[in-house]
Participant: 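Have a look at this one.
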Amino acid sequence: MSLGMSLETTMLLALATPLAGSVGIALVGNRQANLREAVTLLTAVTLFALVASLFPAIMDGARPTLTLGEMLPGLPIQFTLEPLGMTFAGVASFLWIVNSLYSIGYMRANKEMNQTRFYVCFAIALASTIGVAFAGNMLTLFICYEVLTICTYPLVAHAGTDLAKRNARIYLGILLTTSIGLQLLAILGTWVYAGTLDFRDGGIMAGAVEGPVAAILLFLYMYGIGKAAIMPVHRWLPAAMVAPTPVSALLHAVAVVKAGVFTVLKVVVYLFGIDYLTEWVNSDWLFYVAGFTILAASTIALRQNNLKRMLAYSTVSQLSYVVMATAILAPLSIVGAALHIVAHAFGKITLFFAAGSIYTAAHKTEINQLDGIGRRMPWTMGAFAIGALSMIGIPPTAGFISKWYILNGAMDAGHMAAVAVIIISALLNAGYFLPIVYAAFFKKPSADKADDHGEAPWPMVVALTVTAAGTILLFLFPEVFIDLAQQLI
Amino acid sequence: MELITGLFNYWVVVFLMMIGFYMVISHHNLVKKIVGLNIFQVSVFVFYISMSKIKGATAPILADGIEVYSNPLPHVLILTAIVVGVATTALGLALTVRIKDAFGSIEDDEIEAMEIEECVAEDVDANGKEASP
Amino acid sequence: MIASQLPILQVIVPLIAAPLVLLLRRSGAAWALTLLVTWSMFAIALVLLAQVMDGGVLYYRIGGWAAPWGIEYRLDQVGALVLVIVSGIGSVVIAYARASVEREIDSERIYLFYCMYLLCLTGLLGIAITGDVFNLFVFLEISSLSSYVLIALGRNRRALTAAYRYLIMGTIGATFYIIGVGLMYMQTGTLNIDDLATLIPAVADSRTIHAALAFLTVGICLKLALFPLHMWLPNAYAFAPSVVTAFLAATATKVAVYILIRIVFTVFGGVDVFAVVPLVQEALMGLALIGVFAASSVAIYQNDIKRMLAYSSVAQIGYIILGISLASSTGLTGGIIHLFNHALMKCTLFLAMGAVFMQAGGVSIRHMQGIGKTMPWTMAAFVIGGLSLIGVPLTVGFISKWYLILGVLEKGMWPVAGLVVLGSLLAVIYIWRVIEAAYFKDPSNDTITEAPLSMLAPMWVMALASVYFGIDATRTLDIATSAAQTLLGGGAP
């Protein structure tokens, strides 16, 4: 599937495509909405084609490196593609296509303002996501991470209402505070003590950094990566739900939050090194914090009545699966963590798409309004059911595969607490997802709310069907991602 | 006694300097502040001039029978400093005239009260407009 | 032939041009001459920087008089960098000045503005290039006196009192400086910086020299507005004409910082000042950190954006002083690079404010409402400058923060590093107030239009420079590192 270019050129193009797309969108502007949307879609498809064309080489063990000049002496802006980044970039770029289709339906049906700013920022967000995925050293990753924070701010504040502004302030405040306040310190500490920020197999700390210092650094990293939303730095995620649903779907279920847990994985696997962490640093606390986050967030989700807020807390909980799986430090659980990034992405975007469809077609946002809605919107609620099953981890959905690996890893490592957390949380997930599905299909709509509406616009239905199908296909054919993830260990 | 007579010139300098400094800080009248600033600067001129003066020495003009000369360089430096001082004074007084025109007063505390009033008015203006959604 | 005379041309050309501008009187011609002079000064500064980077410290004897008797010009890396900053910022600001000045200064006084501007430039350039501590005082007063006048040109009557207070504080500072110089002269009998550097170690332990150091430090800190000696700065920046604010904010305090560097690391280069008088180091570091927090906190509550930026300047000076007080190669590099970087970002911000002032009639937070829609280019430049102030990656601010924190961490001072990053988070708060008002509020007045190109272009030159040097920082860092190493290598050649 090679496009006849060197791998490095393809990487460069993959980084440049969404940026070029954003310029194109800005140039076309509001005057020709159809052309603008065509540019978005074309950019998304091109990006996915480029990322996909890199896949065979990565499977064969190639690690192409692209250097874009030296930013600081000894610290270049460098991109290196490895299996984890490949996974993340692949998922994000594929879902962007689907999400663009969905956005078009959503933004038009809801007559949103400032659509050009929306699409421009979206494209820049994707560029920085790809940057995070490709990053070859911690400095590059940090830069892309920060760009991602800044360019998603206008998307969260999109509505421009006081509520939107206040929530966007929380969003930006927490993400910038943690990243500049803690993560930057951690990065500088790593640079001072280890003398490099490159991602290397087996880590860069071994032999250079003493245990206590590494423990401090680990703490700074884990809380500095606010996008991973471990408690108590999770509040930005529910706050971000004020954004239009396509933003919540792609960015706050896939790109941004996954950039967080992806960074956690990168730091643990390539900066600290699993062996080093196991041997020298007490990282149990991370495991407990993540476990607590899983259970606490699920419990909070149980009590939500706003659908999107419920999904946000569910995301907080699911993200901590990845962090916890990483903290177990067993090979199988690391594979599980990588797989969960993919599985959760497909499942959660489906759920958000469904929530957005319901809002667009029926103007409903609360869970107790959804009685009997499944009859009018069979496709939407069918997809919702599949997404919900994936969150709980019931076959035939992708969530089952990733949880299976995490569970096996926990067993191997003798981490019975982890096993318990996963089982309890599955029950909690079932506790807040299944009643919705039940109510949608089997309860009768209350008579006074029998306002007549059908399915959402077709682009939205197509989008959520594709992602729901993806969730099932990932269960049936998970080999691709498992092979990739296994290269990590 | 040595402390007083031996370092006589320094005592003068310190005394003048403190008088000038005190005037700058304590007086509300803008002209008096300038005068204080002047005294403050003059003390430094005295300091430079006296430190290069050697007892029994004359100006550095070669002449028979004179062995000891004073150092002329600080004197020259102070000529420059005096010029700077004059310029500062002139500018300060000119500003005072303009302030008198603009505020109708040269008393620091009165002017400050007017300024605070203006400042508060601006803030109320900004906040008042801000509060309406 | 001319190449060897460049150091003196750097100072003498604007000095001669200033009275010429007075004679020209017509504002257009005055502007053209000033522009020509400033731009050629920038060219000369660049050539000098290249020469110094190649061949080390440059000496120039005025009138051929040898050093202890005549005045000598002495240019090393850090001096050359300051020359480039001053003349570079000057070049950008003067291109911007024409439209802005016409709006903010009475037309019959415009030629006076250009005259004072040239004198101020002379003074600032002279400080950076001279090798004589008394000559430095003279240049300091030239630049100060002209900047008092420049500030007093502001439309608001409070500009007058701001200028008056600055005059009082500035004169006290300069007089303190000259007392310090006198005390050094008593002990060493010389005013030449290199001579002082060789002679001072022998007498460094005397009380006279300690007193000299105290006077010099306090005097200079008044000039560079180190907290708590900053009281003159906020009003002076808030009420001066926009062009003047942009120019002074980016250059005047920077040059004062340069004097501090010169005194501590060159004149007292032979003695380890911070080891002999540890109080100096502790006081500088402590005040710098307190300054960062106090000034940033005050900035959050300002409704006038120019004044808010002025307080932010006080905070940023805290960062520079922090870097200097570390007295390590990395820390000093951080301080010097921030000197350059902060000049870029503050200039961008104040130029943007100048454009808003011109189009919207004021720069309070109320005037900023909806500016993002009515003046998109100006506001975009403001955002770049603001992000840089916060220290977001891909801007110059990030590079500075990186080196400052690195310097702090190298000394193992983790809590201080924490304070530095906390300080930059305060910047998030005050910058974001403006951004929210500009982008998420409706314009109070729809008739506001974008500023003219002659103002946008200089603003964007600065904004792009603060992005460019944030991405490719190797060149500026080379200069800053080599400057820091020369300084730490001792004053005596």
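Throughout, protein chains are lettered first and strands after them, A, B, ... in sequence-line order, and every chain is numbered starting at 1. In this text the structure is predicted, and so the values were computed from the model without any measurement.
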Participant: Are A:Y153 and C:W432 close enough that their ring centres sit under 6.0 Å apart?
Facilitator: yes

Participant: Given heavy-atom pairs under 4.5 angstrom as the criterion, report whether the side chain, backbone, both or neither of C:W402 touches chain A.
Facilitator: both

Participant: Heavy-atom distance under 4.5 Å to chain C: side chain of A:L75, backbone, both or neither?
Facilitator: side chain

Participant: Applying a heavy-atom distance below 4.5 Å, give me the residues of residues 116-134 of chain A that approach chain C, sorted by number.
Facilitator: A:R117

Participant: Looking only at heavy atoms, what is the nearest atom pair of A:I143 and C:P393, with distance?
Facilitator: CG1-CB, 3.5 Å

Participant: Among A:G69, A:G189, A:P73, single out the residue with the greatest number of heavy-atom pairs under 4.5 Å to chain C.
Facilitator: A:P73

Participant: In Å, rounded to the nearest 0.5 Å, how long is the span from CD1 of C:I471 to CD of A:E70?
Facilitator: 14.5 Å

Participant: Answer whether the closest heavy-atom distance between the side chains of A:P154 and C:Y439 falls below 4.5 Å.
Facilitator: no

Participant: Side-chain contact, heavy-atom cut-off 4.5 Å: A:L188 with C:Y403?
Facilitator: no

Participant: Enumerate donor-acceptor pairs with a distance under 3.5 Å from any side-chain N or O in residues 191-198 of chain A to protein atoms, sequence neighbours excluded.
Facilitator:
{"residue": "A:T196", "atom": "OG1", "partner": "A:D198", "partner atom": "N", "Å": "3.1"}

Participant: Please flag which part of C:L387 lies under 4.5 Å from any non-hydrogen atom of chain A: side chain, backbone, both or neither.
Facilitator: side chain

Participant: Once rounded to the nearest 0.5 Å, what's the spacing between atom CG of C:L394 and atom CD of A:E146?
Facilitator: 10.0 Å

Participant: What's the spacing between A:L185 CG and C:L409 CG if we round to 0.5 Å?
Facilitator: 6.5 Å

Participant: Could you list which of residues 168-176 of chain A have a heavy atom closer than 4.5 Å to any heavy atom of chain C, in residue-number order?
Facilitator: A:R169, A:L172, A:L176

Participant: Tell me every residue that passes ring-ring contact (aromatic ring centres under 6.0 Å, His included) with C:H342, counting only those two or more places apart in sequence or in another chain.
Facilitator: C:H338

Participant: As an exercise, state the distance from CG of A:L72 to CG of C:D472, rounded to the nearest 0.5 Å.
Facilitator: 10.0 Å

Participant: To the nearest 0.5 Å, what is the distance between OG1 (A:T178) and CG (C:L425)?
Facilitator: 9.0 Å

